[in-house]
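Just below is one structure, and these are the notes that go with it.
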Amino acid sequence: MKIRTILLSATIMGLALAGCQRKDDEGPTQLSGRLFVFNYRVASASYMVTLKKIAPIPEGTTAVAEFENPAGGDPLVIREKIYSFWDKITLESPDLRCVRKDRPYSVSIKLVDASNKTIQTIKTEVKSDLDQTVLPTKPLVVGPVYTANPEVFKGDGSTDYGHDAACPA
């Protein structure tokens, strides 16, 4: 009975210590957030992914993010310089079209050092809890003072929010 207790205690301690250690292949960041951002005022949607720094990041590091294109076609790619003093890294895609509710979209992020050597790869998926059809196809406002867009808000009092019929099913 005493040997079982000792073995059980040793196993629990070993698991606890293993859970606290970072694996070498995890890299200097960890995924801390992922979502779609819908801005109804300017009729735009984009991916936003955040990473939390958990280890030093070498000078000259760049994040290369590939976002699945909801409208189809080639992935949307951004390159973002990462500064070693940042504790949080935010990566945002260009504007999107055709985001569908509850559909998983893939995102791949590579951190590369100044010599273009990959130091970390992160693959994840992002789901929206809204369909992009909630957004108008034209911005509701234009200009720096949020003037009502005359293409949406007509002079006769009617509105035309538009409809994007070019999206895949």
Side-chain angles (χ1 to χ4, degrees), residues 22 25-113 116 118-154 158-169:
R22 191 172 66 87
D25 61 349
E26 286 183 359
T29 66
Q30 70 183 24
L31 186 65
S32 60
R34 59 191 186 274
L35 62 118
F36 281 100
V37 176
F38 289 90
N39 185 333
Y40 71 93
R41 286 186 179 186
V42 293
S44 71
S46 62
Y47 289 96
M48 185 175 292
V49 177
T50 57
L51 306 174
K52 177 182 168 187
K53 183 171 88 171
I54 57 173
I57 296 175
E59 284 295 327
T61 296
T62 301
V64 180
E66 287 188 5
F67 302 95
E68 181 178 350
N69 188 344
D74 294 335
L76 305 167
V77 180
I78 63 163
R79 294 182 70 84
E80 179 92 21
K81 182 168 174 43
I82 305 301
Y83 294 94
S84 59
F85 60 86
W86 285 356
D87 289 329
K88 183 175 92 168
I89 299 161
T90 303
L91 303 170
E92 189 168 2
S93 74
D95 286 349
L96 305 170
R97 290 182 42 244
C98 306
V99 175
R100 296 290 176 233
K101 179 180 180 177
D102 294 328
R103 183 195 181 285
Y105 294 97
S106 64
V107 176
S108 177
I109 302 165
K110 275 192 328 187
L111 296 183
V112 294
D113 64 14
N116 213 29
T118 300
I119 56 177
Q120 184 176 12
T121 301
I122 299 171
K123 292 187 184 296
T124 190
E125 290 182 336
V126 182
K127 277 188 194 180
S128 175
D129 58 355
L130 293 174
D131 202 81
Q132 193 164 351
T133 57
V134 300
L135 288 179
T137 56
K138 300 172 189 170
L140 299 180
V141 294
V142 293
V145 292
Y146 294 112
T147 303
N149 185 347
E151 291 181 36
V152 176
F153 302 101
K154 309 290 185 186
S158 66
T159 58
D160 177 14
Y161 295 111
H163 180 70
D164 195 349
C167 291

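Pro28 and Pro56 get closest at one heavy-atom pair: CB-O, 3.5 Å. Between Pro104 and Asp102 the shortest heavy-atom distance is CD-O, 3.7 Å. Taking each heavy atom of Ile89 and Ile82 in turn, the nearest pair found is CG2-CD1, 3.5 Å. Of all heavy-atom pairs spanning Ile119 and Pro58, the tightest one is CD1-CD, 3.9 Å. Closest heavy-atom contact between Phe153 and Leu140: CE1-O, 3.4 Å. In plain terms, the two heavy atoms of Pro94 and Leu76 that are nearest each other are CD-CB, 4.2 Å.
In this structure a side-chain-to-backbone donor-acceptor pair under 3.5 Å is missing from Asn39 to Ser44.
Between the CG atom in Asp113 and the CD atom in Gln120 there is a gap of 12.5 Å [rounded to 0.5 Å]. Put simply, CD on Glu66 and CG on Asn69 are 12.0 Å apart, with the number rounded to the nearest 0.5 Å. Note that the OG1 atom of Thr121 and the NZ atom of Lys110 stand 6.5 Å from one another [nearest 0.5 Å]. From Leu111, atom CG reaches atom CD1 of Ile109 across 7.5 Å, with rounding to the nearest 0.5 Å. Rounding to the nearest 0.5 Å places CG of Leu135 at 6.0 Å from CZ of Phe38. Note that the CD atom of Glu80 and the CG atom of Leu91 stand 6.0 Å from one another [nearest 0.5 Å].
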CA sep, side-chain torsions, deciding dist, call: Ile122, Leu51, side-chain contact (heavy atoms from CB on, under 4.5 Å): CA-CA 10 Å; Ile122 299 171; Leu51 306 174; 3.6 Å; yes
Worked check of side-chain contact (heavy atoms from CB on, under 4.5 Å) between Val99 and Tyr105: CA-CA 9 Å; Val99 175; Tyr105 294 97; 4.3 Å; yes
Begin with the C-alpha distance, continue with both residues' side-chain angles, and end with the deciding distance and a verdict on side-chain hydrogen bond (donor to acceptor under 3.5 Å, both in side chains) for Arg34 and Thr124. CA-CA 9 Å; Arg34 59 191 186 274; Thr124 190; 3.2 Å; yes
Run the side-chain contact (heavy atoms from CB on, under 4.5 Å) test on Leu130 and Lys101 for me, step by step, so that the C-alpha distance in whole Å, both residues' side-chain angles and the decisive distance to 0.1 Å come before the verdict. CA-CA 5 Å; Leu130 293 174; Lys101 179 180 180 177; 5.9 Å; no
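Scored by the salt bridge (charged side-chain N to carboxylate O under 4.0 Å, His left out) test, Arg103 finds Glu68 as partners (sequence neighbours excluded). For Lys81, the side chain to side chain contact (heavy atoms under 4.5 Å, CB included) test picks out Tyr83, with sequence neighbours left out. In terms of the side chain to side chain contact (heavy atoms under 4.5 Å, CB included) criterion, Asp74 has no residue partners (sequence neighbours excluded).
The side-chain hydrogen bond (donor to acceptor under 3.5 Å, both in side chains) contacts involving residues 50-61 comprise Ser32-Thr50, Glu59-Ser84, where partners must be two or more places apart or lie in separate chains. Identified under the salt bridge (Lys or Arg N to Asp or Glu O under 4.0 Å) test for residues 121-138, with sequence neighbours left out: Arg100-Asp131, Lys138-Asp160. For the side-chain hydrogen bond (donor to acceptor under 3.5 Å, both in side chains) condition, the pairs that include at least one residue of residues 87-98, sequence neighbours left out, are Ser46-Glu92, Arg97-Asp164.
The six-membered or imidazole ring of Phe36 lies near that of Tyr47, with a centre-to-centre distance under 6.0 Å.
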